[in-house]
Amino acid sequence: MSQTAATPEGRPNRRVAVVLTNLGGPDRPEAVKPFLFNLFNDPAIIGLPGIVRTPLAKLISSRRETSAQANYALMGGGSPLLPETQKQAEALSRALADASPGDDSRVFIAMRYWHPLTEETAAAVKAFQPDKIVLLPLYPQFSTTTTASSVKKWTECYDGPGETHVVCCYPDAEGLIEAQVRLIRQTLDKAQGKPVRVLFSAHGIPEKLVAAGDPYQAQVEATVAAVVERMGLTDWAICYQSRVGPLKWLGPATPDAIEQAARDGVGALVVPIAFVSEHIETLVELDMEYGELAHKVGCAPYLRAPTVSADPVFITALADAVGRALEAPGTAPQGASQGGPCAHLKACPSGCSKASKAA
């Protein structure tokens with residue numbers, strides 16, 4: 001454990017490791033297959049025993065490799081997610097230095113399915129010898145398939161010093177909502193007065209997970225409700241993208257929502273409400289695949305709001321989440337009071353900590 005010294009205000013200096021967790025993405029064509037294998041071999045993604053899941057993951061990754069490589073080729077051969085996350089980490093480092101100059105804060109990145117993998121980051125954090133660790137997911141809305149999986153993997157990998165705090169979610173964080181609202185308004189200007197429906201598109205998950213207590217859908221709805229109220233929107237809908245496999249997923253599907261907008265004689269402004277970084281689901285799926293669909297069915301104009309990425313007010317929200325997490329024990333949402341995990345969130349029927357333990 002590192003030594004501490006008093007700041008001029010009397011608060012001790014701390015070594016604080018902030019770990020940004022995210023999905024990760026292949027950085028070159030050869031990485032696509034192992035990335036897909038890591039993804040589908042996660043029990044949070046395919047809930048089967050390892051003796052069945054691992055061979056299935058090998059089969060799926062082999063079958064999807066060529067088509068996935070073609071999609072990543074549209075972005076230069078690899079995912080932009082890591083460079084995007086690095087920009088967020090750098091901005092957050094500056095914000096933390098301004099907010100808590102007495103602390104020695106360092107921001108790390110732990111990707112779930114490709115480098116820097118969680119075990120690599122865990123070793124780097126251990127070498128840093130932190131007094132405090134804050135796990136900060138780059139998923140505003142909690143799900144057992146994302147945040148819970150990342151936290152579980154971190155717990156398995158990390159054996160170093162430091163008290164761990166977890167930000168389980170921040171679906172209604174002020175900075176997140178403010179950034180989303182500004183980006184939507186800027187994009188709406190491009191419609192030049194033509195009628196458009198705002199489609200809030202989130203990554204889908206199987207309905208059975210929600211039925212089992214996963215709060216993801218409720219938290220997506222909470223984020224959207226906050227944006228809609230702030231903007232006074234009247235024509236909007238929530239939809240879900242990126243469906244894979246035979247299970248029934250949350251709906252309506254984003255392509256169906258685009259087709260419905262066309263039938264209703266309005267354009268579409270798609271908002272990636274559950275994504276905070278540009279990656280394959282935004283740059284290829286939303287921009288290219290769904291853009292082509294919109295053109296085909298006559299949904300015009302077809303617009304897409306950018307992700308919040310390193311927007312200053314969003315980064316401020318992340319810094320605030322870190323500060324609050326350091327004052328709260330265990331797992332808690334951004335802005336949580338001492339009432340316990342998710343005490344202030346109506347959108348968490350089962351509690352993120354409960355869902356996390358069940359993952």
Side-chain angles (χ1 to χ4, degrees), residues 21-75 77-82 85 109-123 135 137-139 142-158 202-214 216 240-250 253 274-275 277 279-285 289 355-359:
T21 64
N22 209 334
L23 181 79
D27 52 4
R28 60 192 185 281
E30 306 80 57
V32 169
K33 185 176 180 179
F35 164 77
L36 291 174
F37 171 77
N38 291 340
L39 172 67
F40 290 109
N41 197 39
D42 182 355
I45 303 299
I46 297 181
L48 296 173
I51 194 171
V52 178
R53 185 183 66 254
T54 298
L56 182 59
K58 290 181 180 178
L59 177 63
I60 295 173
S61 59
S62 294
R63 288 185 172 180
R64 289 176 176 263
E65 180 183 11
T66 300
S67 61
Q69 284 179 336
N71 284 333
Y72 283 107
L74 297 173
M75 300 182 296
S79 172
L81 186 58
L82 179 56
T85 307
I109 296 171
M111 296 299 192
R112 186 64 184 86
Y113 305 121
W114 200 242
H115 303 285
L117 293 166
T118 303
E119 45 265 48
E120 300 167 19
T121 305
L135 298 185
L138 290 175
Y139 311 110
F142 179 95
S143 175
T144 53
T145 61
T146 53
T147 300
S149 176
S150 291
V151 172
K152 182 175 183 290
K153 187 66 175 180
W154 178 265
T155 302
E156 293 171 353
C157 293
Y158 188 70
H203 198 295
I205 62 173
E207 284 188 353
K208 72 172 188 177
L209 296 179
V210 176
D214 192 307
Y216 176 73
Y240 295 89
Q241 63 182 92
S242 309
R243 178 182 177 274
V244 293
L247 294 176
K248 186 177 181 181
W249 277 37
L250 294 175
F275 302 111
S277 307
H279 57 307
I280 193 169
E281 278 89 354
T282 60
L283 298 174
V284 175
E285 190 172 11
E289 295 176 7
S356 180
K357 291 176 182 177

Q. Roughly how far apart are Leu209 CG and Thr144 OG1, rounded to 0.5 Å?
A. 5.0 Å
Q.
I'd like to know whether Asp27 forms a side chain to side chain contact (heavy atoms under 4.5 Å, CB included) with Leu82, so could you lay out the CA-CA distance, the side-chain angles of the two residues, the decisive distance to 0.1 Å, and finally the verdict.
A. CA-CA 8 Å; Asp27 52 4; Leu82 179 56; over 6 Å; no
Q) Under the 3.5 angstrom rule, does the side chain of Ser79 hit a backbone N or O of His279 as a donor-acceptor pair? A) no
Q: Working to the nearest 0.5 Å, report the span between OG1 of Thr121 and CD1 of Ile109.
A: 8.0 Å
Q) Just by distance, do the side chain of Tyr139 and the backbone of Leu23 share a donor-acceptor pair under 3.5 Å? A) yes
Q: Give the minimum heavy-atom separation between Asp214 and Thr145, together with the two atoms involved.
A: OD2-N, 4.3 Å
Q. CZ/Arg112 to OG1/Thr146 distance, rounded to the nearest 0.5 angstrom?
A. 11.0 Å
Q) What class does the angle between the rings of His203 and Phe275 fall in, given that below 30° is parallel, 30 to 60° is tilted and above 60° is perpendicular? A) perpendicular
Q) Once you round to the nearest 0.5 Å, how far does CG of Asn71 lie from CD of Glu289? A) 5.5 Å
Q) Can you name the nearest heavy-atom pair linking Gln241 to Glu281, along with the distance? A) NE2-O, 3.1 Å
Q | Those residues that, when tested against Thr155, pass side chain to side chain contact (heavy atoms under 4.5 Å, CB included) (two or more places apart) | A | Val151
Q. Closest heavy-atom contact between Thr54 and Phe37?
A. O-CE1, 3.7 Å
Q: Please identify each residue that fulfils salt bridge (charged side-chain N to carboxylate O under 4.0 Å, His left out) with Glu30, with sequence neighbours left out.
A: Arg28
Q: Side-chain contact test, heavy atoms from C-beta onward, threshold under 4.5 Å: evaluate it for Glu156 versus Lys152 and give yes or no.
A: yes
Q.
Let's go through Asn38 and Trp114 carefully: what are the C-alpha distance in whole Å and the side-chain angles of both, what is the deciding distance for side-chain hydrogen bond (donor to acceptor under 3.5 Å, both in side chains) to 0.1 Å, and is it a yes or a no?
A. CA-CA 8 Å; Asn38 291 340; Trp114 200 242; over 6 Å; no
**Q.** Exercise: identify the closest heavy-atom pair between Ala274 and Ala202
**A.** CB-CB, 3.8 Å
**Q.** Separation of Ile46 CD1 from Phe40 CZ (nearest 0.5 Å)
**A.** 6.0 Å
**Q.** Leu135 vs Tyr158 side-chain heavy atoms within contact, under 4.5 Å
**A.** no
(Q) Using every non-hydrogen atom in the two residues, find where Val32 and Tyr72 come nearest and quote the distance to one decimal. (A) CG2-CD1, 3.9 Å
Q.
For Lys33, is there any backbone N or O sitting under 3.5 Å from a side-chain donor or acceptor partner on Glu65?
A. no
**Q.** Lys153 vs Glu119, side chain to side chain contact (heavy atoms under 4.5 Å, CB included): CA-CA, chis, key distance, verdict
**A.** CA-CA 8 Å; Lys153 187 66 175 180; Glu119 45 265 48; 3.6 Å; yes
(Q) Show the nearest heavy-atom pair for residues Ser149 and Asp42, with the distance to one decimal. (A) OG-OD2, 2.6 Å
**Q.** pair Pro26-Leu36: side-chain heavy atoms closer than 4.5 Å
**A.** no
Q.
Using side-chain heavy atoms (C-beta onward) and a distance below 4.5 Å, is Ile280 in contact with Glu285?
A. no
Q. Within a strict 4.5 Å, meaning less than it, do heavy atoms of the Ser143 and Ile205 side chains meet?
A. yes
